[in-house]
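Below is one structure, written out as structure tokens; comments come after it.
The chains referred to below are lettered A, B, ... by the order of the sequence lines, with proteins before strands, and numbering in each begins at 1.
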Amino acid sequence: MKIYNTLTKKKEEFVPIEPGKVRMYVCGPTVYNLIHIGNARPMIVFDTMRRYLEHKGYDVNYVSNFTDVDDKIIKKAVEENVDATVISERYIAECKKDMEALHVMPATTHPQATQEIEGMKEMIQTLIDKGHAYAAADGTVYFRTRSFKEYGKLSHKNLDELEGGKRSLLVSGEDQKEDPLDFVLWKPKKEGEPAWESPWCDGRPGWHIECSVMSKKYLGEEIDIHAGGEDLVFPHHENEIAQSEAANGKPFAHYWMHNAFLNIDNRKMSKSLGNFFTVRDIIEKYDPMVLRFFMLSAHYRSQLNFSAELMEAAKNGLDRIRTAVANLQFLLQSAAGEMRVEEEALLAEAKGFADSFDAAMEDDCNTADALSAVFELVKFINSNTNESSSGTFLQALLDEVLTLADILGLAVEKKEELLDADIEALIEKRQAARKEKNFALADQIRQELLDKGIVLEDTREGVKWKRA
RNA sequence: GGCGUGAUAGCCAAGUGGUAAGGCACGGGUCUGCAACACCCUUAUCGCCGGUUCAAAUCCGGCUCGCGCCUCCA
């Protein structure tokens with residue numbers, strides 16, 4: 001499989017460190033609020049990446065953190081007059097609910113920064129011992145950026161350019177830095193903030209060190225894939241590389257993957273613009289699978305625009321897949337028999353769509369292209385199955401489409417659910433009316449059911465229904 | 001200013017040298033009591049200019065416009 005590597009700016013053939021195994025780290029959210037739909041993009045695309053790798057037979061060790069100590073969390077805790085852990089634990093729980101709704105598989109490990117303080121202190125001490133970090137007078141520990149010769153290799157910046165764009169030292173109160181490029185590894189506590197003891201001062205870790213440490217602890221010093229939103233390239237991931245490689249003395253991640261941003265109505269999502277949506281907002285209005293489908297309809301490295309209109313289109317597209325699956329299942333109820341010769345030929349043709357699907361996924365996880373293969377399969381199914389199809393043929397097609405949908409994490413099977421007795425009665429009453437050619441009454445009942453969210457379809461084999 | 005990225009039909013979106021996948025929407029048709037579903041048909045020469053090549057949406061140069069990062073925002 002080919003992966004676009006931010007480090008080299010090229011698509012490269014993926015070769016795992018250990019054959020058959022993948023060590024993958026995805027930067028997770030800071031838990032100070034419900035996650036927004038921008039947070040959901042990396043979760044969904046890299047979950048899909050993971051599902052595909054597992055489909056190929058890889059044993060994927062997937063680690064995604066929760067940043068549970070941070071200025072914003074502390075601010076929220078102060079506002080609510082509760083402990084910071086109350087805030088972080090609450091939003092971790094909420095985030096997990098959203099992830100489940102979106103079919104984002106739980107990570108192998110979901111480490112939390114506050115549970116890994118010891119490891120961070122160890123790595124910081126190592127960096128100090130090796131001359132890559134230093135403690136300032138007030139106990140703040142900084143990374144000596146210029147001591148890491150390859151700094152800038154991920155974001156393709158050079159240090160002098162960075163320095164050209166620096167802001168005034170005095171503004172940020174960072175005048176104790178040796179160099180403006182240095183960044184914080186450990187910062188002293190302020191009144192009322194959560195803090196941990198350390199050799200330098202009571203305080204808390206900087207943001208970047210947590211990922212270096214958690215990645216090392218759960219995946220090892222050298223990992224295959226490190227992923228996250230493109231905004232993290234600089235400075236977060238650049239700093240992670242500096243910390244990890246300076247401390248461990250070996251390459252950190254072999255492949256760096258970054259998803260592009262999600263815009264809302266062509267503008268950056270922000271609270272001030274009033275176009276800020278949480279995942280919770282959206283899944284109250286739409287099936288979470290529609291949001292997932294929408295996210296997969298574009299390449300992960302392309303900017304994606306979100307709007308109500310596009311969600312509507314996504315819903316209709318997903319419904320097309322679901323209808324085909326429901327039809328297969330409907331036909332299967334009464335189908336029997338072994339596959340016929342001509343069906344075997346058709347099935348061989350249908351396998352071609354799975355091959356196209358794989359080829360698309362092999363090419364840097366091109367989910368948009370993979371999805372088109374699914375639609376081609378759907379069309380093939382709709383055109384080549386009917387009441388006379390054999391059960392084994394129908395089942396094989398059903399298995400194929402469900403397998404592909406599952407790699408994308410899309411649930412496309414209609415949930416087995418029983419209709420209320422009164423709705424069943426209405427459907428039968430309408431059938432009776434149709435039999436008597438009383439179409440006015442039949443249409444009236446159909447409308448009544450539609451108002452209840454039940455859509456009817458009359459087929460030769462009987463009446464089918466589905467939720468609107 | 002530095003670095004980067006993008007411009008494909010009404011909308012969304014694949015496609016890195018050989019005469020444009022797929023989806024949504026629209027229109028026409030078949031099926032249906034009607035409808036829904038489904039199927040068939042119809043819809044673009046790829047921002048602009050120039051160049052390379054037998055051949056370019058795909059390569060090179062210029063231009064226009066959009067966007068991102070350079071401020072712990074995925």
| message | Using a 6.0 Å distance limit plus a 45 degree cone around the ring axis, check whether Arg301(A) lies over the aromatic ring of Tyr4(A). | response | yes
| query | Base, sugar-phosphate, or nothing for Arg204(A), non-hydrogen atoms under 4.0 angstrom? | reply | nothing
| query | Roughly, in whole Å, what's the span from NZ in Lys157(A) to C1' in rG1(B)? | reply | 13 Å
| request: Indicate whether Phe261(A) forms a stack on rG68(B); treat it as stacked only if centroid distance is below 5.5 angstrom and interplanar angle below 30 degrees. | output: no
| field | Nearest-angstrom distance from the residue atom CD of Glu238(A) to C1' of rU71(B) | value | 16 Å
| task | Mind telling me whether Phe294(A) and Phe306(A) have parallel, tilted or perpendicular rings, with 30° and 60° as the class edges? | result | perpendicular
| request: Just compare rG22(B), rA14(B), rG23(B) and give me whichever is closest to any side-chain atom of Ala368(A). | output: rA14(B)
| request: Give the rounded distance in Å between these two atoms: CD of Glu230(A) and P of rC3(B). | output: 18 Å
| In the strands shown, is rC63(B) matched to any nucleotide by a Watson-Crick or G-U wobble pair with both distances under 3.5 Å, and which? | rG47(B)
| message | Looking only at the side chain of Ala442(A) (C-beta and beyond, no hydrogens), which of the listed nucleotides rG33(B), rA74(B), rC69(B) gets closest? | response | rG33(B)
| said: Between Lys464(A) and Gln303(A), which residue's closest nucleotide on RNA chain B lies nearer the 5′ terminus? | reply: Lys464(A)
| said: With rounding to the closest Å, how many angstrom separate the C1' atoms on rA13(B) and rA21(B)? | reply: 10 Å
| Quick one: which of rC39(B), rA13(B), rG33(B) gets closest to the side chain of Asp458(A)? | rG33(B)
| query | Which part of the nucleic acid, if any, lies within reach of Leu371(A) when heavy atoms closer than 4.0 Å are counted: base, sugar-phosphate only, or nothing? | reply | nothing
| note | Among the nucleotides rG23(B), rC12(B), rA13(B), whichever has the atom closest to the side chain of Ala298(A) is rA13(B)
| field | Identity of whatever pairs with rG1(B) - Watson-Crick or G-U, under 3.5 angstrom | value | rC70(B)
| query | Which part of the nucleic acid, if any, lies within contact of Ser356(A), taking any heavy atom under 4.0 Å across all strands shown: a base, the sugar-phosphate backbone alone, or nothing? | reply | nothing
| Counting any heavy atom closer than 4.0 Å, what does His258(A) reach on the DNA or RNA strands: base, sugar-phosphate only, or nothing? | nothing
| message | Counting distance alone, no hydrogens or angles: does the base of rG33(B) have a donor or acceptor under 3.5 Å from a partner atom on the side chain of Arg434(A)? | response | yes
| task | Could you check whether Asp369(A) gets within reach of a base, just the sugar-phosphate, or nothing at all, counting any heavy atom under 4.0 Å? | result | base
| query | So what does Lys379(A) hit on the nucleic acid, given a heavy-atom distance under 4.0 Å: a base, only sugar-phosphate, or nothing? | reply | sugar-phosphate
| request: Let me know the distance between CG of Leu304(A) and C1' of rC12(B), rounded to the nearest Å. | output: 9 Å
| said: In whole Å, measure the gap between the C1' atoms of rU58(B) and rU16(B) for me. | reply: 5 Å
| field | d(NE2, His156(A); C1', rC3(B)) in whole Å | value | 10 Å
| query | Looking for any heavy atom pair under 4.0 Å, which part of the strands does Lys9(A) touch: base, sugar-phosphate only, or nothing? | reply | sugar-phosphate
| query | When you measure from the side chain of Glu457(A), which nucleotide among rC37(B), rA74(B), rC72(B) comes out closest? | reply | rC37(B)
| Any stacking of Phe439(A) on rG33(B), going by centres under 5.5 angstrom and planes within less than 30 degrees? | yes
| Across the strands shown, which category fits Lys435(A) at heavy-atom distances under 4.0 angstrom: base, sugar-phosphate, nothing? | nothing
| task | Round to a whole Å and report the spacing from CZ of Arg446(A) to P of rC34(B). | result | 11 Å
| Are Thr403(A) and Asp406(A) linked by a side-chain donor-acceptor pair shorter than 3.5 Å? | no
| Heavy atoms under 4.0 Å, any strand shown: does Gly38(A) hit a base, just sugar-phosphate, or nothing? | base
| Do the side chain of Lys466(A) and the base of rC37(B) come within less than 3.5 angstrom through a donor-acceptor pair of N or O atoms? | no
| On RNA chain B, nearest-nucleotide positions of Thr459(A) versus Asn263(A): which is more 5'? | Thr459(A)
| message | Measure CG/Asn259(A) against P/rU5(B) and give the value in whole Å, please. | response | 17 Å
| field | Side chain of His36(A) (C-beta onward), nearest among rA74(B), rG15(B), rG23(B) | value | rA74(B)
| message | Counting the atoms with a prime plus P, OP1 and OP2 as sugar-phosphate, which does Asp231(A) contact under 4.0 Å by heavy atoms, base, sugar-phosphate, or nothing? | response | base
| task | Would you classify Ile35(A) as touching base, sugar-phosphate or nothing, given that sugar-phosphate means primed atoms plus P, OP1 and OP2, and contacts are heavy atoms under 4.0 Å? | result | nothing
| task | Using the P atom on both, measure rG18(B) against rG2(B) and round to a whole Å. | result | 35 Å
| task | Could you work out the separation of rU71(B) and rG61(B) based on their C1' atoms and round it to a whole Å? | result | 36 Å
| task | Scan side-chain atoms only and decide if Asp70(A) and Thr30(A) contain a donor-acceptor pair under the 3.5 Å cut-off. | result | no
| Should rC34(B) form a Watson-Crick or G-U wobble pair with both distances under 3.5 Å, which nucleotide is its partner? | none
| task | State plainly whether the residues Lys2(A) and Glu362(A) are in salt-bridge range, i.e. N to O under 4.0 Å. | result | no
| message | What contact category does Asn239(A) fall into here, base, sugar-phosphate, or nothing, at under 4.0 angstrom with non-hydrogen atoms? | response | nothing
| said: With rounding to the closest Å, how many angstrom separate the P atoms on rA20(B) and rA56(B)? | reply: 12 Å
| said: Checking side chain to side chain contact (heavy atoms under 4.5 Å, CB included) between Val412(A) and each of Val401(A), Ile321(A), Thr323(A), Asp319(A), which is the one that passes? | reply: Ile321(A)
| Does Asp355(A) pair with Lys351(A) as a salt bridge, N-O distance under 4.0 Å? | no
| request: May I ask you to say whether Glu238(A) pairs ionically with Lys153(A), meaning some side-chain N is under 4.0 Å from a carboxylate O? | output: no
| request: Could you let me know what rU53(B) is paired to, Watson-Crick or G-U wobble, both distances under 3.5 Å, or none if it's on its own? | output: none
| said: Less than 4.0 angstrom between a side-chain N/O of Asn316(A) and OP1 or OP2 of rG23(B), yes or no? | reply: no
| said: Rounding to an integer number of Å, can you tell me how far Tyr32(A) OH sits from rC72(B) C1'? | reply: 11 Å
| message | In whole Å, measure the gap between the C1' atoms of rA9(B) and rU42(B) for me. | response | 13 Å
| query | With both distances under 3.5 angstrom, what nucleotide forms a Watson-Crick or G-U wobble pair with rG27(B)? | reply | rC41(B)
| said: Below 30° counts as parallel, above 60° as perpendicular, anything between as tilted: where do the rings of His258(A) and His237(A) land? | reply: tilted
| field | Side-chain ion pair, Arg430(A) and Asp443(A), N-O less than 4.0 Å | value | no
| query | When the P atoms of rG66(B) and rC54(B) are considered, how many whole Å apart are they? | reply | 38 Å
| task | Between rC12(B), rC72(B), rG33(B), spot the one nearest the side chain of Arg430(A), thanks. | result | rG33(B)
| Proximity to the side chain of Asp443(A) - top-ranked nucleotide from rG22(B), rA36(B), rG33(B) | rG33(B)
| query | For the side chain of Glu309(A), counting heavy atoms from C-beta on, which of rC11(B), rC69(B), rA14(B) is nearest? | reply | rC11(B)
| request: Look at Ser302(A) and rA7(B) and indicate whether a side-chain polar atom (N or O) is within less than 4.0 Å of OP1 or OP2. | output: no
